[in-house]
Amino acid sequence: MASRIIIMEFNFKKIEQKWQKFWDENSSTNLLDTKKKYYCLTMFSYPSGSNLHVGHWYNYGPTDTYARFMKMNGYNVFQPQGFDSFGLPAENYAIKHGIHPRISTEQNIKTMKLQLKSIGGMFDWDAELRTSDETYYKWNQWIFSKLYDSKLAYQKEALVNWDPVDQTVLANEQVLSDGTSERSGAKVIQKPLKQWFFKITDYAEELLNFDGLNWPKKTVSMQKNWIGKSTGASIKFSISNFDEKIEVFTTRPDTLFGATYLVLSPEHPLTKKLSDNNLKVIKYIEDSASKNELQRLDLNKDKTGIFTGSYAINPVNNKKIPIWTADYVLASYGTGAIMAVPGHDERDNEFAMKYDINIEYVVSHSKDIESINTPIYEEGYCINSDFLNGLKTKDAKTQIIKWLENNGFGKKHINFRLRDWLISRQRYWGTPIPIVYDPDGNPHLVPEKYLPWKLPDDVEYKPKGTSPLGSSKELLKRTEDIFGKGWKPEIDTMDTFVCSSWYYLRYPDSKNDDEIFTKKSLDWLPVDCYVGGAEHATMHLLYARFITKALRDLKILNFDEPFKKLYHQGTITKDGAKMSKSKGNTVAPDRFIEEYGSDTFRIYLMFMGPYDEGGDWNDKGIKGIYRFLNKIWKIVALPSTDKIDKDIDQLMHQTIKVVSEDLCKMKFNTAISRLMELVNSVIKKDSISDEFKNNLTLMLAPLAPHLSEELWNILGNKKTIFAQPFPKYNPLKLQKDEMNIVIQVNGKVRANLSISKNMDKDTVLDKCKELENVKKYLDEKELIKEIYVPEKIVNFVVKG
RNA sequence: GCCGAGGUGGUGAAAUUGGUAGACACGCCGGAUUCAAAAUCCGGUUCUUUUUAAGAGUGUGGGUUCGAAUCCCACCCUCGGUACCA
């Protein structure tokens, strides 16, 4: 009796321990076999001090289920893990507690690894990498060198985003749309600084091409918008009494005849000069500079501006038009100057109305209308435009560009919103930029033989607005010892997004000290399936594509795109807010794992809803999953029988079919429901066939790996269940002899009828009409129409 | 403002070449078991009504159709992205 009770509930703690140990010892992928390779990768994570929360599990658990499913479909699956271990939090922790980032990071990784193992993931720990290891950042520096040699890494002085809290510059991608830092939340200010950039803009056009990629549409469109391609013309305006020219970019060169003024951004190099240092104009420039980004971007505010006092010449009609400066023109987009067409641009119109500037109308809605007096912002037909008159604006664009080119006033121009990637950071815990400066201040690459160019230890962490590396005596001494007296090291470090832009290339050969990777190891690439949060759409995912293309052009890679398939798991929120340590709203899975086990927990996460939707956390339903797993435990413990129950057999094959299809599409929630239905249909049986037990266990395996390994073992198998193929369904067993059809009268369901498969239409209809509850509605009515959809539905349409 | 996704019971959600709305699960109600509880098992559970049955019902209002959660039009709301990009 006692043994009976033990067998009724599975001892998940013992089982999990047993199999985690087993996988630990048998987890590495055969990386030499790339014939049927499947590289399945979740975005690696930052080793934070706190324990893994529900959000982490949601990232790793379901993806592991998918990886295990692929493995059971005969693929050689590679699912490595690593840590994005450079970065600000460890450094901020060091500032606060005086503990070296290397030590805190090491500790964090240790706990994190233990926890990752508790998920039961099929992770290949032999391939583990950490970006803060010398063995990794050496190659980060090597990539920098290659980019530098090919002019894709360069230094320039520019207005850059400065985060006053974290005391470092940020890339455009790291500044949110409200002008705050993605990381610290501080309001970002603009500062002129000499910084290192990667020339991502060289790849703007190619980055717009997503052919052959299985990526979420949303992410594709976000990247396209971020890159922001617009086609138009650049036009040069000459200036009365000045030698200089003003170049503008416009997408509406067809409205050039309506350009009645120019606007320079306050930061434009000519603004001061054209005003002849007029005090009012200078004050306006200073005022806009002091406005923060938030104020500048406020669309509701009135547009402001001031006349510079100078005039430009509209090349197409030689009219003198005033040059204004206004902060509604952004210095950072296009040329920082525009031609204003108040008749056909909403913003220019608002400005012209306010300052009473001349408005010319040069586009009308129809060919027949030659004069209008209200603004039109859409395309139309040219009027009051000399040789363009009567043309569709679309055709006029081509014509005017031809005219501009012939007369030397401008040319066709494609402008991108994307700007080069700023990679310098004034922080400590990152990859040192492998550059030294000679006594004249010219930069030189640190030669490859000195890589890794080590991050020094003797630094003052506390940020003072300059890079902590500047306080290292060792770094300066090292530089002078190698290069000579008066040489100085670069003291900025690289953005951690540089580390993460290529880590997936390193995994298949992560321990190689002699090469970044081998040709052979690249057979694992590109990544077949990449899973991670959608918040990386215009940062990490864009950088990774750029680096891949750049390395391809350097003949280091032979493919164009890093990630064939991309999937964004949804976000698990807590009371509507994203879980984060700083908000203090994280939910630890520990309690649930203690009570129900790791298998139950990961299945519960998958059962909550569609994987790409996430949802708000609640623990209400977890019991149901625990019950479900216990039922399976009981079914496998049932006495075996040789008798085949036809209904159960059919349901089993149907379930195999649907579960395979669902897992293939990462529709975990519906796959689990199907398995529950199958389980419920046999739970009351006294005995069940071994074939059923085997197939049920195999289908459960990707979802509940620990329990399935144990059950597989109990069923008398010596090898791991993941060496087994996923069950295949037999199409012949899906066919039904009897089927249920629904009978409606006027679209309302009145009856059901079970019919044999081969019954002809008339017989079916006659049978339907005889049913009591159908007859009732047909009597004394006129039958107008009979709809018959074979094997599905009958609908009688009656009148009266 | 623009782009994208979404809105279904008390809750998480199923159902998309148009064909029985609410599968599966939680919770709740009732029962069995128990000294009692937990666990387990059985039954019920969209709403309304005059409950062996009928009517209504998938954000709102229209439309197409024998038939609409599903297709079309207009609108409301929520979430994500983006925002003076010339």
Side-chain angles (χ1 to χ4, degrees), chain A residues 5 8-9 176-178 216-222 224-226 228-230 232 248-253 255 263 265 296-301 303 326-330 332-341 344-348 350-351 415-418 534-535 537-538 568 570-571 573 576 604 607-610 612-628 630-631 634 667 669-680 683-684 740-752 773 776 784-789 791-798:
Chain A
I5 288 162
M8 293 310 271
E9 287 224 352
L176 302 181
S177 56
D178 64 355
K217 268 196 229 133
K218 189 176 91 177
T219 312
V220 169
S221 88
M222 275 170 74
K224 282 185 177 170
N225 288 337
W226 186 260
K229 177 180 178 175
S230 29
V248 304
F249 171 72
T250 177
T251 54
R252 293 295 303 271
T255 61
V263 189
S265 64
R296 282 266 310 250
L297 288 174
D298 185 1
L299 288 177
N300 297 322
K301 80 162 189 227
K303 289 189 179 20
D327 66 4
Y328 80 91
V329 171
L330 307 175
S332 50
Y333 184 78
T335 60
I338 63 158
M339 67 176 215
V341 184
H344 306 286
D345 181 282
E346 205 171 351
R347 298 151 302 183
D348 298 342
E350 191 194 318
F351 191 77
N415 194 62
F416 292 95
R417 183 181 174 276
L418 182 72
E535 67 273 17
T538 54
H568 296 307
T571 312
T573 54
Y604 177 58
F607 187 64
M608 275 174 54
D612 56 357
E613 280 176 28
D616 204 49
W617 170 255
N618 75 72
D619 54 21
K620 277 193 199 155
I622 193 163
K623 241 177 214 172
I625 305 296
Y626 187 63
R627 286 174 188 153
F628 164 64
N630 267 310
K631 283 182 194 170
K634 284 177 203 167
K667 288 173 72 177
N669 55 333
T670 49
I672 294 162
S673 309
R674 288 294 187 144
L675 283 173
M676 284 173 168
E677 284 179 84
L678 182 67
V679 161
N680 290 343
I683 189 69
K684 278 173 217 156
N740 190 54
I741 59 163
V742 176
I743 301 117
Q744 300 182 331
V745 179
N746 282 349
K748 284 198 173 24
V749 180
R750 297 303 176 187
N752 278 269
N773 209 39
K776 206 163 94 185
I784 303 171
K785 208 171 182 179
E786 295 171 333
I787 310 282
Y788 175 64
V789 182
E791 298 173 18
K792 269 186 182 161
I793 205 163
V794 167
N795 191 8
F796 297 113
V797 185
V798 297

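All chains are named by letter (A, B, ...) in the order of the sequence lines, taking the proteins before the strands, and each is independently numbered beginning at 1.
Using modelled atom types, one finds a donor on one side chain and an acceptor on the other under 3.5 Å when comparing A/D616 with A/T573. Checking A/N795 against A/K785 by side-chain atom types alone, no donor-acceptor pair falls below 3.5 Å. Checking A/Y333 against A/N415 by side-chain atom types alone, a donor-acceptor pair falls below 3.5 Å. In this model, no donor atom of one side chain and acceptor atom of the other lie less than 3.5 Å apart for A/Y604 and A/D619.
Between B/G1 and B/G55, the two C1' atoms lie 45 Å apart (nearest whole Å). Between B/G6 and B/U45, the two P atoms lie 32 Å apart (nearest whole Å). If you take atom C1' in B/C24 and the same atom in B/A56, they sit 26 Å apart, rounded to whole Å. Separation of the P atoms belonging to B/U33 and B/A38 is 15 Å when rounded to the nearest angstrom. For B/G19 and B/A32, the P atoms lie 44 Å apart once the distance is rounded to whole Å. Separation of the P atoms belonging to B/U78 and B/C73 is 23 Å when rounded to the nearest angstrom. For the P atom pair drawn from B/A69 and B/G7, the interatomic distance equals 14 Å after rounding to whole Å. B/A36 and B/G31: their P atoms are spaced 14 Å apart (whole Å).
The base-pairing partner of B/U17, taking Watson-Crick or G-U wobble contacts with both distances under 3.5 Å, does not exist among the strands shown. Under the Watson-Crick and G-U wobble criteria, each requiring two contacts below 3.5 Å, nucleotide B/A5 is paired to B/U78. Base pairing of B/G27 is made with B/U45, judged by Watson-Crick or G-U wobble geometry with both donor-acceptor distances under 3.5 Å. Across every strand in view, B/A83 sits unpaired, with no contact that passes the Watson-Crick or G-U test at under 3.5 angstrom. Pairing for B/A39 is absent, with no Watson-Crick or G-U wobble pair whose two atom distances lie under 3.5 Å. Nucleotide B/A68 forms a pair with no other nucleotide shown, judged by Watson-Crick or G-U wobble geometry with both contacts under 3.5 Å. Using N1 to N3 plus N6-O4 or O6-N4 for Watson-Crick, or N1-O2 and O6-N3 for G-U wobble, each under 3.5 Å, B/G61 pairs with B/C73.
Taking 4.0 angstrom as the limit, A/R627 places a side-chain polar atom (N or O) nearer than this to OP1 or OP2 of B/C26.
Contacts of A/S230 with the nucleic acid, taken as non-hydrogen atoms under 4.0 Å apart, involve only primed sugar atoms and P, OP1 or OP2.
The interatomic distance linking A/N680 (CG) with B/U40 (P) rounds to 14 Å, in whole Å. Spacing between atom CD1 of A/I784 and atom P of B/C66 amounts to 10 Å, rounded to whole angstrom units. If you take CD1 of A/I793 and P of B/G67, they are 12 Å apart, rounded to a whole angstrom. The OH atom of A/Y604 sits 12 Å away from the C1' atom of B/G27 (whole-angstrom rounding). Per the geometry, CD belonging to A/E346 stands 13 Å off C1' belonging to B/A83, to the nearest Å.
Near RNA chain B, defined here as any heavy-atom distance below 4.0 Å, the residues from residues 740-750 of chain A are A/N740, A/V742, A/Q744, A/K748, A/V749, A/R750, listed numerically.
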- Apply side chain to side chain contact (heavy atoms under 4.5 Å, CB included) to the pair A/S230 and A/F249, showing each step before the final yes or no. CA-CA 10 Å; A/S230 29; A/F249 171 72; 4.1 Å; yes

- Working for side chain to side chain contact (heavy atoms under 4.5 Å, CB included), residues A/N752 and A/V742: CA-CA 5 Å; A/N752 278 269; A/V742 176; 4.0 Å; yes

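Sparse packing is recorded around CD of A/E346, with 12 or fewer heavy atoms of other residues, nucleotides or ligands lying under 6.0 Å away. A/R750 CZ: more than 12 foreign heavy atoms inside a 6.0 Å radius.
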- Per-nucleotide protein contact along nucleotides 1-17 of chain B, 5' to 3', at a 4.0 Å heavy-atom cut-off (B base, S sugar-phosphate only, - neither), is -----------BSSS--

- Query: Can you give one letter per nucleotide of nucleotides 43-50 of chain B, 5' to 3': B if a protein heavy atom sits under 4.0 Å from the base, S if only from the sugar-phosphate, - if neither?
  - Reply: --------

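Taking every side-chain heavy atom of A/K631 into account, B/A25 is the closest of B/A54, B/A86, B/A25. Checking B/G27, B/A25, B/A83 against the side-chain heavy atoms of A/R417 singles out B/A83 as nearest.
The two atoms that bring A/N669 and A/G609 nearest to each other are ND2-C, 3.6 Å, heavy atoms only. The minimum heavy-atom distance linking A/M339 with A/R252 is given by the pair CE-O, 3.6 Å.
Side-chain contact between A/Y328 and A/V263 is present, with heavy atoms from C-beta onward closer than 4.5 Å.
With its glycosidic angle within 90° of 0, B/G9 is assigned syn.
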